[in-house]
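These numbers come from the heavy atoms of this one structure, side chains and all, not from hydrogens, waters or symmetry mates. The first residue of the sequence shown is numbered 1, and numbering continues consecutively from there.
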Amino acid sequence: MAGTISPEDSIAALKTTISDNLAAQITALDTRYGDFTLPSSMVYHLAPVARHNSTPALVIVPIRTAKRHTDTSEEIYHHTLGAELIYRANVKSGSDNNRERVTRVLMRLAEGIEQIVIDDQWLTISSVRKVDLCLLEEVNYSEHFTPDDNVLEQRAEMTFHVAVST
């Protein structure tokens, strides 16, 4: 299938797919695990994170694009997209329960995004064109406290590979 060579179009398609499916995916994960329910208001907001200090924020950016020629008239573009899911929450420095909940919220959201990409590898770029393939390559987690030690910031850094043919 023909797609678009623009990484921005691939980013828009990924955001749309996540926006359309994440709430249902989180509900399914909440039901499967049964440990807690993530409020729909916390599913995610697009960055900038400064506006969502206690709500997860998602940033998706292009990392690189490579073009490969095939033996046919098609050219295949490979976009590497980076996504950062950031969650900041007030925690008391001695409370492991709050800290653990922050970790579980972030991991649940990252798992929801991962499951969306596994379930639907064909992102719709427009009503006519679709990408040939979208894969989640890796997820890395990190955390740190802000200088006042009351706000914990956790991040899930994801790398996506999107291949499109012209």
Side-chain angles (χ1 to χ4, degrees), residues 7-65 78-93 95-125 130-147 149-164:
E8 288 79 15
D9 290 339
S10 295
I11 289 170
L14 184 57
K15 284 180 178 179
T16 299
T17 299
I18 291 170
S19 294
D20 291 349
N21 298 302
L22 189 55
Q25 191 62 248
I26 294 301
T27 299
L29 290 172
D30 287 349
T31 301
R32 181 182 342 149
Y33 291 121
D35 51 357
F36 69 95
T37 301
L38 193 62
S40 58
S41 63
M42 287 186 62
V43 169
Y44 91 101
H45 291 281
L46 296 177
V49 72
R51 295 187 191 153
H52 308 289
N53 211 20
S54 62
T55 304
L58 181 67
V59 181
I60 303 175
V61 297
I63 295 174
R64 73 178 161 271
T65 295
H78 296 271
H79 304 300
T80 302
L81 307 179
E84 192 169 56
L85 183 62
I86 305 164
Y87 181 38
R88 291 181 184 155
N90 287 325
V91 294
K92 295 181 180 171
S93 56
S95 174
D96 288 336
N97 288 341
N98 264 347
R99 187 175 187 170
E100 181 180 321
R101 179 162 171 77
V102 170
T103 301
R104 289 169 52 204
V105 166
L106 186 78
M107 291 182 78
R108 179 86 38 103
L109 290 167
E111 184 178 350
I113 292 170
E114 180 178 6
Q115 193 61 50
I116 288 167
V117 175
I118 289 169
D119 290 348
D120 186 9
Q121 297 175 356
W122 318 108
L123 303 175
T124 300
I125 298 266
K130 295 178 179 266
V131 304
D132 293 324
L133 183 64
C134 177
L135 300 172
L136 176 64
E137 291 182 343
E138 66 179 341
V139 180
N140 294 302
Y141 296 94
S142 64
E143 72 175 35
H144 73 274
F145 280 96
T146 59
D149 285 339
N150 287 324
V151 177
L152 177 66
E153 179 179 287
Q154 293 204 342
R155 295 170 182 248
E157 297 168 356
M158 299 172 246
T159 306
F160 295 90
H161 176 83
V162 180
V164 296

Least distance between heavy atoms, [X] atom then [Y] atom:
| X | Y | answer |
| --- | --- | --- |
| Leu85 | Ala110 | CD2-N, 3.9 Å |
| Pro62 | Leu81 | CA-CD2, 4.0 Å |
| Gly112 | Gln25 | O-CG, 3.4 Å |
| Ser10 | His79 | OG-CD2, 3.3 Å |
| Val117 | Cys134 | CG1-O, 3.5 Å |
| Ala83 | Ile60 | CB-CG1, 4.0 Å |

Regarding Arg104 and the six-membered ring of Tyr33, is the cationic atom NZ or CZ under 6.0 Å from the ring centre and inside 45° of its axis?
no
Side chains of [X] and [Y]: does their closest heavy-atom pair fall under 4.5 Å?
| X | Y | value |
| --- | --- | --- |
| Phe160 | Ile113 | yes |
| Glu84 | Leu58 | no |
| Thr17 | Ile116 | yes |
| Thr16 | Ile18 | no |
| Leu109 | Leu38 | yes |
| Tyr87 | Val105 | yes |

Interatomic distance, [X] atom [atom1] to [Y] atom [atom2] [nearest 0.5 angstrom]:
| X | Y | atom1 | atom2 | value |
| --- | --- | --- | --- | --- |
| Glu138 | Glu114 | CD | CD | 11.5 Å |
| Asn140 | Glu157 | CG | CD | 6.5 Å |
| Arg108 | Gln115 | CZ | CD | 13.0 Å |
| Glu137 | His161 | CD | NE2 | 6.5 Å |

For Val139, side-chain contact (heavy atoms from CB on, under 4.5 Å) partners two or more places apart:
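Testing Val139 for side-chain contact (heavy atoms from CB on, under 4.5 Å), a comparison that skips the adjacent residues, returns Leu136, Tyr141, Ala156, Met158.
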Could I get the full list of side-chain contact (heavy atoms from CB on, under 4.5 Å) partners for Arg32, not counting sequence neighbours?
Leu29, Glu111
State whether Arg101 and Asp35 are salt-bridged, where the test is any N-O pair (Lys NZ or Arg NE/NH1/NH2 against Asp/Glu carboxylate O) under 4.0 Å.
no
Check the side chains of Gln154 and Ser142 for a donor-acceptor pair under 3.5 angstrom, ignoring hydrogens and angles.
no
Would you please test Leu152 and Glu143 for side chain to side chain contact (heavy atoms under 4.5 Å, CB included) and show each step?
CA-CA 7 Å; Leu152 177 66; Glu143 72 175 35; 4.2 Å; yes
